[in-house]
Structure formats: C-alpha cells, structure tokens
Number of protein chains: 2
Amino acid sequence: MNLKIAIVDDNRRNRYSLAEQLRISAGIAVILQAGDGGDYLEQMKVLEPEQYPDVVLMDIEMPGMNGIDTVRNSKTLYPSVKYLMLTVFDDDDKIFEAIRAGANGYLLKDEKPMAIIECIQQLAELDAAPMSPSIARKTLALLSQATLVTSVDKPASVQLLSERELEVLKQMAIGKDYKQIAATLFLSTHTIRKHIANIYEKLHVTSKIQAVNIAQKNNWV
Amino acid sequence: MNLKIAIVDDNRRNRYSLAEQLRISAGIAVILQAGDGGDYLEQMKVLEPEQYPDVVLMDIEMPGMNGIDTVRNSKTLYPSVKYLMLTVFDDDDKIFEAIRAGANGYLLKDEKPMAIIECIQQLAELDAAPMSPSIARKTLALLSQATLVTSVDKPASVQLLSERELEVLKQMAIGKDYKQIAATLFLSTHTIRKHIANIYEKLHVTSKIQAVNIAQKNNWV
DNA sequence: GCCGGAATAACACATATGTGTTATTGTACC
DNA sequence: GGTACAATAACACATATGTGTTATTCCGGC
C-alpha cells in the first residue's frame, strides 16, 4: 500500500512523536511536516501530483493559518487529498466548520496511537470517515438540530462590492485582524488594508464594526 | 458492569447468533428479543424501569413497525434507553431520519462482531456515538449540506455581564468608538476602556468584532 | 495596441484599540 | 465595622487600524 502521510501541527514534539509512531507501528511514511497552514501550502506547491500525501493529519488550533482554513483552501487546490482533523477540544462550532470546510474525519488528540493509525488506513483505503465516538455524538446532535436546506440562496446582485472585497468582508465579520485575513487569502496585509479602505468608501463607513453591521443586515455574510 | 441488551430484528436467526456472540464473547446478557417494533414495545410495557435494557440493537428494515418509528416512539417513553441502529443499507434518508428519531449510534450489519460489542460498550459506558465509518462519511456529507438552526431561545441568564457592561456592549455594536461611547454614557474614555477590557475577559475574546458577534448570536443586542 | 478598472503591493503617519497596572468611591452583605 | 465587588478613573506601551499616496500587473473591451 505504502501510504504517504503529512502532519500539520504547530507543536514540533507532537509531529515527531506521531511520525515516529506511524513509522515503527505501521511502516507508514510521513513525507511532509508543517507547523502551520501557510507552511503546509508552501510545501505542497513544489510537489508533483503523484507526490501528494494520501492523508493529512491536521491540527485545528494553530497560530497563523488554522487547520480549518487550511483545509478549506487546499480542498480546492488538491481535491484528492484527505484530511483527518486532530483537536484537543470537541467544540461544536469547530466541528461543524471543519466538516463544511471539507474535513474527512475528526479525531481527538488523546486517541490511542493505534486507533489513529487504523483511522488513517480506513480513510485512505475505504474512503470512510473515522470519528472519535464523542465527536460522532456531537455530530449526531448537530444533525438532529439541523434542517436540510436545498442550497437555496444566491442573493446575486451585490455588485456594489467585488468578489474579492466580499471575501475580505467575510473574514472581517468573523473577527480576524489584518494579518489573519492576509494569511487566509494568501495576500499581503497591504493589500488587505487597501481592500478594506475601498470597502469603507463604498459603504460610507469608517470602521470594521460598521462595515460588518451593514454586511450582516444585507445578508452578505 | 453487567449490561442489559435487547435485540430487535425480524430475522430470528440473526437475533440468536448475535445474542450468542454477545454472551460468549463478552458475557453480555440479552434480556429481550423482538421481531418488530410493536412486539418490542409490548414487551417493554411489562418491565419495571430497573429492568429496562441499557442498549437496544435495532434493525431498521422490518415488517410491521420499522426500526426508526420504533425508536421515535420509545424515546419519549423510555428516554434513558440507548439505540444502536443496525442496517444492511447505508441509505442517506434513513440515516437522517434515524438520527432525528433519536438513534444513538449507527452500524452496518456486516460489521465484525467484536466491533459491534465494542460499540455497545462505548455507548453504554461513555455515552459516545459509535458509527461505522461509511455511515460517518454520509453523516458528514449530510451535515455539510445542512444549515444549523440554532433554535434560538434563552436570553435569561445574562448575568455574565453587568448592566453597565451590556450598555457599553450595545454602543460598541452600533459602531461607536471609545470617545463616542464615553460621551453617550457620560463617562471617561478610561472607564469605557476598562469596561471593554472586562467584557473581553468574560467573553474570552480579544476584539470588538468578536465581542459584538457573541452578543448578536446570543441576542443581547 | 491602448485604455480603464480590479487586484495586488508598499510606505508613512495619526488614531484607535488591546492590555497591564493602580487607585478611589459607593454599596450590598455579613 | 469590615469586606467583597461593581463602577469609576487614570497612565503607559505595544499593536491594530484608518487614511492618503504611489506603483505594478493582468484582463476585457474598443
């Protein structure tokens, strides 16, 4: 089989011990390690498609680009790569966000190493979706509250703001600062500042909160 | 531990072999067997609460009352009983319906007996939600199409923030800066800054937008 | 090929904001 | 009478933000 695995975690110790365990317990090769999302995407850029990892173990809580944004970004670039989220918390919103972003599985970090290995193999070979049972429970709870929506929407004509500006506005709305938005969208902070300045001019406001308020009132976010 | 298990399946052979496996592999007692939902509910009626099964293995496809309707009906009567659905199909709609009905776990019938036993124990002891990986995958797919309906409610205990802090938060929410809030509330900007710092600490956030987002989500403004 | 606009990027400066610390006052509770 | 706490106020410092200005690249339309 010879699986190719990547590990993204800001804690170097975690990465190494996990990589070591994968190697000795299952002969699985960790072909790429990164300390945050930006780092990971940088390293992916120089790989040929046949070198892509089969499964990426992705920490959620990281400085710089977090695990969820990283999955969202890379799912469009590398749709065949599967992501197994690792987290210390089992926070409802995070789980939902990660799933929407395209995560293929969701494990708690204190899962036994053998269980993690098994999940990696299931994910890679069977196209299954492994979850820690406690995560699965929350997933069910979320689903039972959810209403299936036939993907409605498209308010369409928000031609006032450009696509790019809308993206920036969405990031602002969830409380990110310049640096974080820049990291998420792969732009410089200078560009983000310029976009925001343009947004303010178009909306006739002078601060983040005012802009976000207008966006929310008009259902742009 | 001594778990009490019930099995509901229209195929007598399935019931017996499953019961036998539970008994010899894990010493788990099957205290009740039924061939369909009506049968199951009849038998439950004559039991005292302390005799209720801990976990019920529930087939979905059955003549008479099917597994999903059975769970729906019995969840109101016996809320403490947990249901582990067993099915040969992994049909999307069925999964969603079963979850809404109150199923606590969802396994494919061709799961290895040891895996089923493990799931029963996890469900009973840890209050977890075991799922076959392929079911989990479909669950994720459903969730990613779903829109969370927060079912609102609970303004109630906003004792977290003081009255004064709430006033300040409201002013923040409409886009005022420190000076404007101070002027509106006849306070010094120093005081406003202190209030806001306290608000951040209580809400575990670090910026206006994040604080306002929480306030709006909780209907405080 | 040229033009205009959008997206990108950079620099500089004045303000606003986030954070740590300290202090005074009023008031409710024991 | 003491004390615990909310509200008020102030200071200092490091960052984040708002704003003005300039420049390059890419793309669609004429």
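Chain naming here is simple, since letters A, B, ... match the order of the sequence lines and numbering starts at 1 in each.
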* Asked: Which parts of nucleotides 15-29 of chain C does protein reach within less than 4.0 Å, heavy atoms only, written one letter per nucleotide 5' to 3' as B for base, S for sugar-phosphate only and - for none?
  -> -SBBB-B--------
Separation of atom [atom1] in [X] from atom [atom2] in [N], rounded to whole Å:
{"X": "B:Ile199", "N": "D:dA6", "atom1": "CD1", "atom2": "C1'", "answer": "13 Å"}
{"X": "A:Arg164", "N": "D:dC26", "atom1": "CZ", "atom2": "P", "answer": "16 Å"}
{"X": "B:Ile181", "N": "D:dT8", "atom1": "CD1", "atom2": "C1'", "answer": "16 Å"}
{"X": "A:Glu163", "N": "D:dC26", "atom1": "CD", "atom2": "P", "answer": "22 Å"}
{"X": "A:His190", "N": "C:dA9", "atom1": "NE2", "atom2": "C1'", "answer": "7 Å"}
{"X": "B:Phe186", "N": "D:dA7", "atom1": "CZ", "atom2": "P", "answer": "18 Å"}
{"X": "B:Leu166", "N": "D:dA6", "atom1": "CG", "atom2": "C1'", "answer": "14 Å"}
{"X": "B:Ile192", "N": "D:dA7", "atom1": "CD1", "atom2": "P", "answer": "11 Å"}

* To do: Answer with base, sugar-phosphate or nothing: what part of the nucleic acid does A:Ser188 contact at a heavy-atom distance below 4.0 Å?
  => sugar-phosphate
* Which distance, rounded to the nearest 0.5 Å, do you find between the CD1 of B:Ile199 and the CZ of B:Arg164? -> 11.0 Å
* **B:Met85 side, atom CE; B:Thr87 side, atom OG1 - distance, nearest 0.5 Å** => 8.0 Å
* Are B:Lys170 and B:Glu167 close enough for a salt bridge, meaning some N to O gap below 4.0 Å? -> no
Does the side chain of [X] get closer than 4.0 angstrom to OP1 or OP2 of [N] through an N or O atom?
{"X": "A:His195", "N": "C:dT8", "result": "yes"}
{"X": "B:Thr189", "N": "D:dA9", "result": "no"}
{"X": "B:Thr191", "N": "D:dA9", "result": "yes"}

* **Donor-acceptor contact below 3.5 Å, side chain A:Gln210 vs main chain A:Val205** => no
* **Nearest non-hydrogen partners of B:Val168 and B:Ile181, listed with the distance** => O-CD1, 4.3 Å
* Can you spot which of A:Ile209, A:Asp177, A:Asn213 makes a side chain to side chain contact (heavy atoms under 4.5 Å, CB included) with B:Ile209? => A:Ile209
* **ring pair (Phe, Tyr, Trp, His ring centres under 6.0 Å) partners of B:Tyr178, counting only residues at least two apart** => none
